[in-house]
**Q** 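Pasting a structure below so you can have a look.
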Amino acid sequence: MIETKMVKIDKENPELQKIKAAAQIIRDGGLVAFPTETVYGLGANALSETAAAKIYQAKGRPQDNPLIVHIYDIKQLDDIAENIPPKARILMERFWPGPLTIIFKKKSTVPMGTTGGLDTVAVRMPDNKVALALLRESGVPIAAPSANISGRPSPTCAQHVYEDLAGRIDMILDGGPCSVGVESTVIDVSGDIPLILRPGGLTAEQLKSALGDVRLDPGLAPGERPKSPGQKYKHYAPKAKVIVFEGLLENQVSSIKEHADNLTGKGVKVGIMCTDQTRKYYPYNVALSVGDRNRLQTISSNLFSLLRTFDSLGVEVILAESFSSEGLGLAIMNRLRKAAAFNIIKV
Ligand code: TXA
Ligand code: MG
């Protein structure tokens, strides 16, 4: 066990002295969790094999699941990647800093311990002042997966990181809640047609507006083999079993009520993940709204946090409403279906 320092930091004007202390830990090969616009990341020096290895150990992460390398300046890209495709230049110019991760051929400076043994490296520039200041002061690119225990819902506030990783990491920079709430979109532009390897905070529609044709990795469908190693693992799962209801909203509501009555009758502790629009239809204690279904940004920023809330209430089965797969809905449904281990009821 190591002592985990929790440091509150101003997200608009990060105090330099706090950033310097965190940067020193990174340079010394330690672990610092920090806020990004998507989720909290667990950071270590991306150029050090031993520092990266500590990330895997703290998270209990499978060795073949590569890390995303974070930078604050496009100039840093030359130190870690080569053969930058023209399409990547277009994306970086338009969407960085922001929730977009791009796959590149890696240079030998990046150890295999950072890329899970791959000869490619995933890179992104986060849109968060604390993250950017930490990157600048550290002077090295920072490898950072989401700062949760592997398989659990990703952390969208410092408290979530503390719950999962206290005693395992050196410091948590608490810069308040994350605005996007789902992880970055991961894209591979090395082939003729750009492929989304993980839907995320930057939408497919935004990518299409910049590049024209963009496709979703067919390997993301249940039972297929995804191109991105991390996508094959069980993920985002609360302790409770999750069932997602898909179909017309009024059918979702009636089917969820039926299942809730049934399970409650058997003594199972049920939680319902509903929306502002439907909360009134559920006469149960643990029916919690994930937000306004017409504002997907609020749904994405609340999703992981609400899954953790159900756990803290001791819920055994979560019955969840679903969303259309447009815009941010694609990432939201990807996370929700995975949290449910593709336990989906079509209504
Ligand atoms: O928003 C985010 O991306 C957050 C914040 C902290 O930046 N990070 C994050 O990291 O979500 P993580 O480790 O939880 O997810 C990384 C994903 C995994 O699905 C992994 O397989 C994929 O990126 N990935 C990383 N390197 C890759 C590579 N070289 N080729 C294909 N996929 C890669
Ligand atoms: Mg993750």
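Counting starts at 1 for both ligands and their atoms, following the listed order. The first residue in the sequence is number 1, and the count goes up from there. Atoms considered below: every heavy atom in the structure, side chains included; atoms not considered: hydrogens, waters and symmetry mates.
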**Q** Output the list of atoms in ligand 1 that are nearer than 4.0 Å to some heavy atom of Ser184, sorted by atom number.
**A** 1 (O), 2 (C), 3 (O)
**Q** What atoms in ligand 1 come closer than 4.0 Å to a heavy atom of Ala144?
**A** 6 (C), 8 (N), 10 (O)
**Q** Considering only non-hydrogen protein atoms, determine which one is nearest to atom 17 (C) of ligand 1 and report residue, atom name and distance to 0.1 Å.
**A** Arg198 NH1, 3.7 Å
**Q** So, the side chain of Asp170 versus the backbone of Leu31: is there a donor-acceptor pair under 3.5 Å, distance only?
**A** yes
**Q** Looking only at protein heavy atoms, which one is nearest to atom 31 (C) of ligand 1, and how far off is it?
**A** Ile103 CD1, 3.7 Å
**Q** Keeping the roles fixed (side chain from Arg61, backbone from Pro66), state whether a donor-acceptor pair exists under 3.5 Å.
**A**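 The answer is yes, because a donor-acceptor pair under 3.5 Å joins these two groups.
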**Q** Which atoms from ligand 1 have a heavy atom of Gly41 less than 4.0 Å away?
**A**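 Answer for ligand 1: 6 (C).
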**Q** Considering only the protein, which heavy-atom contact is closest to atom 7 (O) of ligand 1, and what is its distance?
**A**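 Ranked first by proximity to atom 7 (O) of ligand 1 is His70 NE2, 2.7 Å.
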**Q** Nearest to atom 32 (N) of ligand 1, what protein heavy atom do you find, and at what distance?
**A**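 Atom 32 (N) of ligand 1 sits closest to the protein heavy atom Ser228 OG, 3.0 Å.
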**Q** Considering non-hydrogen atoms of the protein only, which is the closest contact for atom 5 (C) of ligand 1, and what is the distance?
**A** Thr38 OG1, 3.6 Å
**Q** Starting from atom 18 (C) of ligand 1, what is the nearest protein heavy atom, named by residue and atom, and what distance separates them?
**A** Asn65 OD1, 3.7 Å
**Q** What residue among Asn83, Val121, Ile84, Leu118 forms side-chain contact (heavy atoms from CB on, under 4.5 Å) with Lys105?
**A** Asn83
**Q** Please report which non-hydrogen protein atom sits nearest to atom 24 (N) of ligand 1, along with the residue it belongs to and the distance in Å to one decimal place.
**A** Pro66 CG, 3.7 Å
**Q** Could you tell me the separation between the CG atom of Asn128 and the CG atom of Leu135, rounded to the nearest 0.5 Å?
**A**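 Rounded to the nearest 0.5 Å, the CG-CG separation comes to 10.0 Å.
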**Q** Rounded to the nearest 0.5 Å, what separates atom CD in Gln252 from atom CD in Glu321?
**A**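 So the gap between those two atoms works out to 5.5 Å.
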**Q** I'd like to know if Pro99 contacts ligand 1, where contact means a heavy-atom distance under 4.0 Å to any ligand atom.
**A**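 Heavy atoms of Pro99 never come under 4.0 Å of ligand 1.
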**Q** Less than 4.0 angstrom from a charged side-chain N to a carboxylate O is my criterion; do Glu246 and Lys346 meet it?
**A**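 Yes, this pair counts.
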**Q** Pro126: heavy atom below 4.0 Å from ligand 1, yes or no?
**A**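 So Pro126 does not count as touching ligand 1.
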**Q** Of the backbone atoms (N, CA, C, O) and the side-chain heavy atoms from C-beta on, which set of Arg61 has a member under 4.0 Å from an atom of ligand 1: side chain, backbone, both, or neither?
**A**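 Side chain only.
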**Q** Under 3.5 Å, side chain of Lys107 to main-chain N/O of Asp78, donor-acceptor pair present?
**A**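 Here the side-chain-to-backbone pair exists.
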**Q** Determine, step by step, whether Val123 and His70 satisfy the side-chain contact (heavy atoms from CB on, under 4.5 Å) criterion, reporting the C-alpha distance in whole Å, the side-chain angles of both residues, the deciding distance to 0.1 Å, and the verdict.
**A** CA-CA 6 Å; Val123 185; His70 297 66; over 6 Å; no
**Q** So does Tyr72 get a backbone contact from the side chain of Arg136, meaning a donor-acceptor N/O pair under 3.5 Å?
**A** no
**Q** Just which atoms of ligand 1 are under 4.0 Å from any heavy atom in Glu183?
**A**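 This gives 1 (O), 2 (C), 11 (O) as the contact atoms.
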**Q** How many protein N, O or S atoms are found at a distance of less than 2.8 Å from the Mg ion (ligand 2)?
**A**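 Protein N, O or S neighbours of the Mg ion (ligand 2) under 2.8 Å, waters not counted, come to 1.
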**Q** Is there a polar contact, in the sense of an N or O pair closer than 3.5 Å, between Thr36 and ligand 1?
**A** no
**Q** Do me a favour and list the nearest non-hydrogen protein atom to atom 21 (O) of ligand 1 with residue, atom name and distance?
**A**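 The closest heavy atom on the protein side is Gly230 N, 2.7 Å.
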**Q** Quick one, Arg295 with Ser301, criterion side chain to side chain donor-acceptor pair (under 3.5 Å). Give me CA distance, side-chain angles, the key distance, then yes/no.
**A** CA-CA 10 Å; Arg295 294 180 56 218; Ser301 67; over 6 Å; no
**Q** Quick one: does Thr36's side chain have a donor or acceptor within less than 3.5 Å of a partner on Pro126's backbone?
**A**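 No: the side chain of Thr36 does not pair with the backbone of Pro126.
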**Q** Numbering the atoms of ligand 1 from 1, which are under 4.0 Å from a heavy atom of Ser146?
**A**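 Those qualifying, in numeric order: 8 (N), 9 (C), 10 (O), 12 (P), 14 (O).
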**Q** State whether the side chain of Ser322 and the backbone N or O of Phe245 hold a donor-acceptor pair below 3.5 Å, judged by distance alone.
**A** yes
**Q** Using a strict cut-off of 4.0 Å, indicate which atoms of ligand 1 neighbour a heavy atom of Leu67.
**A**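 This gives 25 (C), 26 (N) as the contact atoms.
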**Q** Suppose we call two aromatic rings close when their centres sit under 6.0 Å apart. Are Phe304 and His160 close by that rule?
**A** no
**Q** Relative to the heavy atoms of Leu118, which atoms of ligand 1 are at a distance of less than 4.0 Å?
**A**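 So the atoms of ligand 1 that pass are 28 (C), 29 (N), 30 (N).
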**Q** Which atoms of ligand 1 sit under 4.0 Å from any heavy atom of Thr120?
**A** 28 (C), 29 (N), 30 (N)
**Q** With sequence neighbours left out, what residues match Lys208 under salt bridge (charged side-chain N to carboxylate O under 4.0 Å, His left out)?
**A** none
**Q** Answer yes or no for Thr115: is there a heavy-atom contact with ligand 1 below 4.0 Å?
**A** no
**Q** Using the side-chain contact (heavy atoms from CB on, under 4.5 Å) rule, take Leu319 and Leu263 through it: C-alpha gap first, then chi angles, then the decisive distance, then the call.
**A** CA-CA 10 Å; Leu319 307 174; Leu263 288 164; 4.2 Å; yes
**Q** How about Tyr40 and Phe34: are their ring centres within less than 6.0 Å of each other?
**A**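 For Tyr40 and Phe34, the ring centres are not under 6.0 Å apart.
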